[in-house]
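Computed over heavy atoms, backbone and side chain alike; hydrogens, waters and symmetry mates excluded.
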Amino acid sequence: MKIMIKYRLLIAMLAATGAVVVSMFLIMQWSIGRGFLAYVNTMEEDRLGRLAQVLERAYQANGSWDFVKDDNATWSKLVAASRETSDLDRTEHGERRMTPPPRRFPTSPGIPCRRASNTVSREGCCCSMRRR
């Protein structure tokens, strides 16, 4: 049985489209994996650098490693001190959460500005004028 030319073209187009989709998927997986690995490595280097600084200060203060040798609590405190918490808050249960974004000030005319005693002019809030 002979297949008509229009069906051969359809099969060829479907095969080409499938090959393109599969190759795009594989390239995206490779790219995302590589970028994420670079991100994780950078974060780990930063964390280890901070830990090295904390350990260096602790060694200078005590003169030896005997203070941490048999005390797991001290080691845990040193590791915890090396963690960066500038943009993270801890809740009462110990979970980390992002700090809320700063409040935006009104930019519509006629609305009183919270930072100043005047109202917002046509140009915008006095706060938004400073940013320009």
Side-chain angles (χ1 to χ4, degrees):
M1 176 186 275
K2 195 170 184 181
I3 299 175
M4 297 176 71
I5 187 83
K6 65 181 178 180
Y7 293 121
R8 284 190 227 165
L9 285 173
L10 177 65
I11 292 171
M13 294 287 279
L14 287 175
T17 304
V20 167
V21 168
V22 168
S23 64
M24 283 177 48
F25 175 76
L26 293 174
I27 290 171
M28 290 295 291
Q29 289 289 95
W30 173 76
S31 176
I32 289 172
R34 185 174 171 194
F36 184 70
L37 183 62
Y39 168 76
V40 169
N41 287 338
T42 301
M43 295 302 290
E44 190 70 16
E45 286 176 9
D46 291 345
R47 192 177 71 105
L48 290 175
R50 287 190 307 270
L51 179 61
Q53 291 174 353
V54 168
L55 290 174
E56 186 177 327
R57 279 187 250 126
Y59 184 83
Q60 287 175 352
N62 294 301
S64 72
W65 294 116
D66 292 334
F67 72 100
V68 77
K69 197 176 201 179
D70 297 320
D71 191 7
N72 288 337
T74 304
W75 174 252
S76 297
K77 288 177 186 175
L78 289 172
V79 171
S82 71
R83 292 190 182 130
E84 186 177 36
T85 58
S86 63
D87 60 339
L88 296 171
D89 284 339
R90 294 222 179 248
T91 62
E92 65 264 3
H93 301 295
E95 302 119 13
R96 294 191 292 177
R97 64 177 176 83
M98 295 298 291
T99 56
R103 298 183 83 181
R104 294 188 181 249
F105 295 101
T107 57
S108 301
I111 298 175
C113 179
R114 295 181 187 169
R115 289 180 102 183
S117 60
N118 59 356
T119 59
V120 177
S121 65
R122 277 192 180 164
E123 293 83 28
C125 178
C126 61
C127 308
S128 62
M129 282 189 245
R130 283 189 210 133
R131 283 186 250 146
R132 290 181 189 167

In this structure, OG1 of T42 is separated from CG of L37 (nearest 0.5 Å) by 9.0 Å

To the nearest 0.5 Å, atom CG of N41 lies from atom CE of M43 at 11.5 Å

*asked:* Quick check: is L14 connected to I11 through a chain of hydrophobic side chains (ILVMFWY, heavy atoms under 4.5 Å apart)?
replied: no

### Neighbour count above 12 (heavy atom, 6.0 Å) for R8 CZ
yes

Side-chain heavy atoms nearer than 4.5 Å, only ILVMFWY residues, links allowed to pass through others: does that put W65 and V79 together?
yes

To the nearest 0.5 Å, atom OG of S82 lies from atom CG of D46 at 11.5 Å

query: Do other residues, nucleotides or ligands put more than 12 heavy atoms under 6.0 Å from L9 CG?
result: yes

- V20 and M28: same hydrophobic cluster, using ILVMFWY side-chain contacts below 4.5 Å? no

Rounding to 0.5 Å, atoms CH2 (W75) and CZ (F67) come to a distance of 9.0 Å

Between Y59 and S64, the two heavy atoms sitting closest are CE1-CA, 3.5 Å

Rounded to the nearest 0.5 angstrom, the NZ-CE distance for K2 and M4 is 10.5 Å

Value for CZ (R57) from CG (L78), rounded to nearest 0.5 Å, stands at 10.0 Å

| said: Any non-hydrogen side-chain atom of N62 less than 4.5 Å from a side-chain atom of D66? | reply: no

